[in-house]
Structures are given as structure tokens and as C-alpha cells.
There are 2 protein chains.
Amino acid sequence: MPVKESEILEAVRGDDVPQMQVDALIALVGDMELHGRDRSDPMREIPARIGDRWSLLLLLLLRIGSFRHATLKRLVAATSAEGEISQRMLTLRLRTLERDGLIDRTVTPSIPPRVDYAITGLGLSLLERVESLMDWVRENNPAIRASRDRFDALGED
Amino acid sequence: MPVKESEILEAVRGDDVPQMQVDALIALVGDMELHGRDRSDPMREIPARIGDRWSLLLLLLLRIGSFRHATLKRLVAATSAEGEISQRMLTLRLRTLERDGLIDRTVTPSIPPRVDYAITGLGLSLLERVESLMDWVRENNPAIRASRDRFDALGED
DNA sequence: CTGTATCCCGTATGATACTG
DNA sequence: CAGTATCATACGGGATACAG
């Protein structure tokens with residue numbers, strides 16, 4: 001029996017866990033890709049990008065059109081509720097998105113240089129799934145806020 | 001004209017941006033909920049939870065069944081590719097998930113005390129959308145890895 | 001068993017200055 | 001313009017000890 005499997009049996013021992021659930025837990029481990037093999041696994045990093053401060057906004061902007069580095073910086077400042085993005089983070093996030101194949105970077109050698117960023121097909125298809133997630137949040141925003149209010153009210157006693 | 005709108009016009013001035021794209025950019029700002037009003041907005045925090053180290057795994061486990069605090073800690077160790085979760089983070093993540101209404105916490109006063117965690121309908125419906133995102137990553141994992149390899153190879157010259 | 005309190009570290013992010 | 005380098009800061013996360 002695999003090590004992980006015996007770990008699961010050990011983990012639930014003493015609790016009254018139905019065999020069906022034990023099987024489901026084992027299946028969860030069996031498909032390691034479900035939660036990612038390690039922290040550099042796309043299965044972990046893509047959701048992390050969606051959750052970080054700037055990547056998603058950059059993808060949303062680049063879905064509208066291709067923009068230059070400096071233009072993108074100004075557009076972030078104009079569209080984000082959180083203010084400006086530092087030049088450093090703009091470069092870092094764009095590099096990571098490019099590395100994962102979600103956006104393209106095109107350099108036009110000239111003086112001054114010109115660099116354009118564009119979303120890729122891969123990036124577009126990712127945005128579709130993320131939109132579905134964002135739709136869920138929009139729909140359930142009131143429920144989440146209500147739950148938070150209830151939770152916070154209890155702590156004030 | 002709203003402030004943000006003129007900021008956008010300013011941002012793209014000099015670049016040859018079609019009117020359609022300008023309109024789309026303005027629409028993006030118009031719907032502030034699209035990207036969230038601030039960092040405590042569910043629109044920002046829910047994706048952040050999906051991207052953090054433990055929340056998603058906890059939801060996946062609780063979808064299989066309801067478990068006690070200590071059991072959950074052992075199950076994370078048994079199923080995660082990243083090893084154990086600290087007691088501190090387990091409590092913090094569970095509290096946040098509970099506060100947002102994604103899981104329920106049931107206390108049974110006894111000695112020793114017993115606390116069970118269960119996923120809610122809200123949590124289940126969120127997981128459906130997240131599954132769709134995870135499916136995308138699974139499907140496109142090879143493409144992403146290939147893109148990374150290409151990108152990294154260029155830097156080695 | 002189910003937490004809370006403290007201290008510590010690594011990484012994401014920011015501010016500023018400098019370069020081709 | 002499009003970066004890079006350097007230093008500074010905030011926060012997620014971990015280790016350990018302690019409490020009801």
C-alpha cells in the first residue's frame with residue numbers, strides 16, 4: 001500500500017469516516033495534479049497569478065488591446081482601485097505572464113525603443129474560465145458580505 | 001467627464017488607440033466590481049484564497065466529508081505535496097473560509113472539545129467554478145511548461 | 001482537542017536611482 | 001522608452017510554547 005494511502009487511514013482513525021469518503025480521499029491523492037506537485041507547478045502558480053495584485057488586471061487590459069509598457073503603466077493607474085503599479089512590479093508581472101505563454105512581447109528596435117504587449121490565445125482561453133469565477137463572486141458578493149457581517153458582529157461581544 | 005475617464009484618455013494619448021478600445025477601457029472602469037473596489041473586496045480576496053497555499057485544499061477535503069480540526073491537519077499532511085500545515089495557518093485559513101460563508105464550524109462542548117468543519121452550499125458552488133479553472137490548467141499544463149522551457153532557454157545564452 | 005500568543009523568516013511589493 | 005539594481009517594507013507562513 002502506498003505511503004500516502006496509509007497516512008490517510010491513520011489520519012481518520014478514531015473518527016467515524018465512511019469507506020466512501022476514505023476512497024475519495026485516496027483518489028484525491030492519487031490524482032496529484034489536482035492540487036499540484038509543488039509550488040512551481042502551473043496548477044499552483046496560475047491560481048496564484050489570478051490572486052495576486054496585478055496579473056489579472058493586466059490580462060483584462062490586454063484583452064482589450066495591445067499596449068506599450070508605459071501606456072500599460074498609465075492604464076493600470078487609471079483603471080485600478082488600488083492606484084499605481086511600480087515599474088518594477090509591472091516588469092516582473094509581465095515577464096511571468098510572458099514566460100507562461102499568456103501574453104506576447106514584441107520589441108521594435110528604435111530610438112527610443114518600443115515594446116508592445118499582447119494577449120495570446122492561451123491567455124484569452126484562461127480569461128474565459130476566470131470570468132466564470134469572477135461572475136460567481138459578483139453574484140455571491142452580497143451573500144459573502146452578509147456572512148462577514150454576521151461573523152464580525154459575533155466577535156464584538 | 002469622470003476623473004478616471006480623462007485619466008484613460010491621457011494614458012493612451014500619443015498611441016494610436018482605436019475608439020472602440022477606448023470605450024472598452026472606460027467600460028472596464030465603469031464596472032468597478034469587475035476588478036474589485038479594494039483589497040478587502042471579495043472580488044479580490046476570493047481569488048486570493050484560491051491562490052494561497054492551503055485554502056483550496058481545505059475546501060477540496062471538506063467537499064469529501066466533514067472533519068474535525070485535528071483530523072483535517074493530518075489529512076492535509078497526507079494529501080498535500082507540500083507537507084504539513086502549521087496549527088496557526090490551519091486555524092487562520094479555516095476562520096477566513098468560515099467568515100466568508102464557505103464552510104461551517106460546529107462546536108460540540110465536551111471534554112475534550114470537539115469541533116467539526118463542513119462545506120456549505122456557497123462553498124460547493126464556488127468549487128464548481130474553481131474546478132473549471134483547474135481543468136483548464138490541467139489541459140494546458142503542457143503548453144505552459146513548453147512556453148516556460150522556451151523562455152528559460154533564451155536566457156541561457 | 002482546539003485553539004491563542006510570540007517570535008522569526010522568506011517572498012511579494014514598493015521607492016528610488018541609474019542605464020542602453 | 002523600457003527597463004535593471006538596490007534598498008526598504010508588509011504580509012503570508014512557520015516554530016514553539018502555552019491555555020481552556
Let's see if you can work this out: which of [options] has an atom nearest to the side-chain heavy atoms of [X]?
X: A:Arg93; options: D:dA17, D:dT4, C:dA12; result: C:dA12
X: B:Val115; options: D:dG13, C:dT13, C:dG3; result: C:dG3
X: A:Ser86; options: D:dG14, D:dA2, C:dG14; result: C:dG14
X: A:His69; options: D:dC1, D:dA2, D:dG14; result: D:dA2
X: A:Met89; options: D:dG14, C:dT13, D:dT4; result: C:dT13
X: A:Asp52; options: D:dC1, C:dT13, D:dG14; result: C:dT13
X: A:Thr91; options: D:dG3, C:dG3, D:dA2; result: D:dG3

Phosphate OP1/OP2 of [N]: any [X] side-chain N/O under 4.0 Å:
X: B:Arg95; N: C:dT4; answer: yes
X: A:Arg88; N: C:dA15; answer: no
X: B:Tyr117; N: C:dC1; answer: no

From [atom1] of [X] over to [atom2] of [N], roughly how many Å is that when rounded to an integer?
X: B:Arg49; N: D:dC11; atom1: CZ; atom2: C1'; value: 11 Å
X: A:Ile85; N: C:dT13; atom1: CD1; atom2: P; value: 9 Å
X: B:Leu92; N: C:dG3; atom1: CG; atom2: P; value: 12 Å
X: A:Lys73; N: C:dT16; atom1: NZ; atom2: P; value: 11 Å

Taking only Lys NZ, Arg NE, NH1 and NH2, and the carboxylate oxygens of Asp or Glu, determine whether A:Glu98 and B:Arg150 approach each other closer than 4.0 Å.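 B:Arg150 and A:Glu98: not salt-bridged.
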Sugar-phosphate, base or nothing in reach of B:Arg105, heavy atoms under 4.0 Å: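 Sugar-phosphate contact only.
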For a quick check under 3.5 Å, do B:Asp104 and B:Thr120 share a side-chain donor-acceptor pair by atom type?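 No, because no side-chain N or O of B:Asp104 sits under 3.5 Å from a partner of the opposite role on B:Thr120.
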Can you check whether A:Asp116's main-chain N or O pairs, donor with acceptor, with A:Ser66's side chain at less than 3.5 Å?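 No; zero donor-acceptor contacts below 3.5 Å.
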Taking B:Ser132 for the side chain and A:Arg129 for the main chain, is one N or O donor matched with an acceptor at less than 3.5 Å?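 Looks like no, no N/O pair under 3.5 Å.
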Between B:Asp41 and B:Glu45, is any pair of side-chain heavy atoms under 4.5 Å apart?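 Side-chain contact under 4.5 Å: no.
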